[in-house]
Participant: 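Let me begin by handing over the structure; questions about it come next.
This structure is a prediction, so every number in the text was calculated from the model and none was measured.
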Amino acid sequence: MPQKIFNTKTRKKEILQPIKEGVIGMYVCGITAYDVCHVGHARAAVVFDVIFRHLKARGYDVTYVKNFTDIDDKIIDRANKEGIGIAQIAERYIQLHDEDMAALNVITPTVTPKATEHMADMIALISTLENKGIAYALDGDVFFAVNGFPAYGGLSGRHLDDMMAGARVDINDKKRNPLDFVLWKKSKEGEPSWESPWGKGRPGWHIECSAMSRRYLGDTFDIHGGGEDLVFPHHENEIAQSQAATGKPLANYWMHNGFVKINAEKMSKSLGNIFPVRDIIKQYHPEALRLFMLQSHYRSPVDYSDTSLKEARTALIRCYTALQLMKETLSGLAQGEETVLPTKPEYVSKLNDLKDKFDAALDDDFNTAQALGYVFDAARLINNVTTAEKKMPLPAKRVILETATGIFKHFGSVLGVFQSDPDIFFHADRNIEVGKRGLDVSRIEALILARQKAREEKDWSRADEIRQELALQNITLKDSAGQTTWSIE
RNA sequence: GGCGGCAUAGCCAAGUGGCUAAGGCAGCGGUCUGCAAAACCGUUAUUCAUCGGUUCGAAUCCGAUUGCCGCCUCCA
């Protein structure tokens, strides 16, 4: 089945036709390194991570470039406030970004270039534009003349005339047209600067992506992505710069992920509802955050709330429970025991069918929500085999469960979840909950021991009393095979 | 003012012309269990904001209405 992609440029789903058969170049706008990553960054990272993983799983040779903006007004502000250099600020937040991404199990892109390491590329690009008469220098600043690029507005569906009518256009009398944007900024006294044909200065925001995508992917590449807020002006300006310089299309497919809202409100500094990734993963297992995001289509807005994360956690536990039951069942097989054909071979074909449907869902514009539906179907099927099929002999279950293990491995590797051993997952999840609620583990375990004793003496009322007491702290006990385990609701 | 998006069960959320409208959470009944938990089985939208239209046939296409939201300024 061909890969379909919703192209922002045409507002339609299109069939992906790579420039070079079997090879994909993908550029995604990364972070500006002046603060820690929040849920919104996490969503963009997870969305494009799954896209990267699925394309690779489908056999494409993908070069994924995600940049770091390490020179910018916000970084300069921060550096001034702290009295240190911009490089130190950028380095710190790139480091923290990398930690967050690792925690979220986001694969490091193929190339992660930094703006400051591509000054020569940017200056060359600006010079080309100047020589073509599309850029003009004024007192050490260089501007891009939007009137020189007739296709301006093509990505975001805007017309220059309409934008001119808008009241929010910055009036800068230096510019020939208020919509012209800066390619190179003259630096003020004491600001970081680089030598250029226009004097000491620094690059404008948009030019770095044009320069770096060209450096690593060429004049035209396959996929360009980012958050939907980048459509205008950032991506529009990138297109203008690159295409005016090269005369070729910048990217064939433009993909934009939807926003994360917080309790139905827009996330913003003024509302004080910025949720850093590192705070969230103290409250919930990172895979719960990932699952939460993947349960909606990447283009829809998602609403982050404690309730939604809780539900994602419960759903994640459902999958890990199935995986754990499967692991236990398989380990119950005697060494060297012969495999017998399953008494119900339809389980195997159903599993293979679910894998095909899962892949097909991702082929259709990366529909992770639909794909997850098949993951849960597979989990139910596993539970049927491990738990409900009481009459099926163990050796006959082996073929089915080994098929299921392989399929879950595939699901997990594409979605970037189910990466832990179930026991390790449950342990980690419980630690998070214990920490969040400030529970006393030794006290809980002492109570469980006391209850076990009561149960041995068949003192059911005492046993139930302890169960009740622990239930008040949302602790659920599970009695099985002579031992009691506990978990937190 | 310009451009765009969304509205599906108690909640979250797929589905964009045609089999019984996925899946998750929550609820209810049952099996299992000393009691539970987990798991399994059954059940919870004759209906997809409203009103018209196109069609043999629409949640899905078109138009209108209502409500919500995003972008147009730094932003994933």
Participant: How would you label the contact of A/His297 with the nucleic acid (heavy atoms, under 4.0 Å): base, sugar-phosphate, or nothing?
Facilitator: sugar-phosphate

Participant: Is the distance between the ring centroids of A/His41 and A/His97 less than 6.0 Å?
Facilitator: no

Participant: Considering only atom P, compute the distance from B/C74 to B/G5 and round it to an integer number of Å.
Facilitator: 24 Å

Participant: Classify A/Ser156 by what it touches in the nucleic acid, base, sugar-phosphate, or nothing, heavy-atom distance under 4.0 Å.
Facilitator: sugar-phosphate

Participant: Decide if the gap between the ring center of A/Tyr27 and the ring center of A/His224 is smaller than 6.0 angstrom.
Facilitator: yes

Participant: Tell me what A/Lys310 touches on the nucleic acid: a base, only sugar-phosphate, or nothing, going by heavy atoms under 4.0 Å.
Facilitator: nothing

Participant: Quick one: label A/Gly40 by what it contacts on the DNA or RNA (base, sugar-phosphate, nothing), any heavy atom closer than 4.0 Å.
Facilitator: base

Participant: What's A/Val260 touching, base or sugar-phosphate or nothing? Going by heavy atoms closer than 4.0 Å.
Facilitator: base

Participant: Of all the nucleotides listed (B/G70, B/C35, B/G15), which has the minimum atom distance to the side chain of A/Gln370?
Facilitator: B/G15

Participant: What I want to find out is whether A/Asp77 reaches A/Lys81 closely enough, with some N-O distance under 4.0 Å, to be called a salt bridge.
Facilitator: no

Participant: Centroid separation under 6.0 Å, is that true for the rings of A/Phe411 and A/Phe418?
Facilitator: no

Participant: When the P atoms of B/G15 and B/U33 are compared, how many Å lie between them, rounded to an integer?
Facilitator: 42 Å

Participant: For a quick check of understanding: with a heavy-atom distance under 4.0 Å over all strands, which category does A/Gly30 fall into, base, sugar-phosphate or nothing?
Facilitator: sugar-phosphate

Participant: If you assign A/Arg299 and A/Ala44 each to the RNA chain B nucleotide with the nearest heavy atom, which residue ends up on the more 5' nucleotide?
Facilitator: A/Arg299

Participant: Taking Watson-Crick and G-U wobble pairs with both distances under 3.5 Å, convert RNA chain B into its dot-bracket string, 5' to 3', dots for unpaired and | for cross-strand pairs.
Facilitator: ((((((((.[[[..)..(....]]].(((((.......))))).....[[[[[..)....]]]]])))))))....

Participant: Confirm from the modelled atom types if A/Arg467 and B/A36 form a donor-acceptor pair under 3.5 Å, side chain to base only.
Facilitator: yes

Participant: Can you name the one residue among A/Lys4, A/Lys13, A/Lys12, A/Arg299 that meets salt bridge (charged side-chain N to carboxylate O under 4.0 Å, His left out) with A/Asp365?
Facilitator: A/Arg299

Participant: Using the C1' atom on both, measure B/C41 against B/G4 and round to a whole Å.
Facilitator: 46 Å

Participant: In whole Å, what is the span from the NZ atom of A/Lys261 to the P atom of B/C6?
Facilitator: 13 Å

Participant: To the nearest Å, give me how far apart NE2 (A/His235) and C1' (B/G70) are.
Facilitator: 16 Å

Participant: Taking OP1 and OP2 of B/A76, is either one under 4.0 Å from a side-chain nitrogen or oxygen of A/Asn257?
Facilitator: no

Participant: Return a single string for nucleotides 23-31 of chain B, one symbol per nucleotide in 5' to 3' order, where B is base contact, S is sugar-phosphate-only contact and - is none, cutoff 4.0 angstrom on heavy atoms.
Facilitator: SBS------

Participant: Quick one: does A/Arg11 reach the base of B/G4 with a side-chain donor-acceptor pair under 3.5 Å?
Facilitator: no

Participant: Classify the ring geometry of A/Tyr298 against A/Phe366: parallel below 30°, tilted from 30° to 60°, perpendicular beyond 60°.
Facilitator: perpendicular

Participant: Quick one: A/Gln468 CD to B/A37 C1', roughly how many Å, whole number?
Facilitator: 13 Å

Participant: A/Arg313 near the nucleic acid: base, sugar-phosphate alone, or nothing, with a heavy-atom cut-off under 4.0 Å?
Facilitator: nothing

Participant: Which pair of heavy atoms, one from A/Ala44 and one from A/Asn257, lies closest together, and at what distance?
Facilitator: CB-OD1, 3.5 Å

Participant: Base of B/C12, side chain of A/Asp303 - is there a donor-acceptor contact under 3.5 Å?
Facilitator: no

Participant: Taking atom C1' in both B/U20 and B/C25, what distance in whole Å separates the two?
Facilitator: 23 Å

Participant: Expressed in whole Å, how much space separates the P atoms belonging to B/G42 and B/C51?
Facilitator: 35 Å

Participant: Between A/Glu228 (CD) and B/C72 (P), how many Å, whole number?
Facilitator: 10 Å

Participant: Select base, sugar-phosphate, or nothing to describe what A/Leu230 touches, counting heavy atoms under 4.0 Å on all strands.
Facilitator: sugar-phosphate

Participant: Has the side chain of A/Asp229 got a donor or acceptor that lies under 3.5 Å from a partner of the other kind on the base of B/G70?
Facilitator: no

Participant: Rounding to the closest angstrom, what is the interatomic distance between B/A13 and B/G63 at atom C1'?
Facilitator: 28 Å

Participant: Heavy-atom count check: over 12 atoms from other residues, nucleotides or ligands less than 6.0 Å from A/His159 NE2?
Facilitator: no

Participant: Under 4.0 Å, counting only non-hydrogen atoms across every strand here, what does A/Asn384 touch: a base, just sugar-phosphate, or nothing?
Facilitator: sugar-phosphate

Participant: B/G15 phosphate, OP1 or OP2: any side-chain N/O from A/Asn367 under 4.0 angstrom?
Facilitator: yes

Participant: Could you say whether A/Ser300 or A/Lys478 is positioned toward the 5' end of RNA chain B, judged by the nucleotide with the nearest heavy atom to each?
Facilitator: A/Ser300

Participant: Between A/Phe144 and A/His206 (judged by ring centroids, cut-off 6.0 Å), do the two rings come close enough to count as a pair?
Facilitator: no

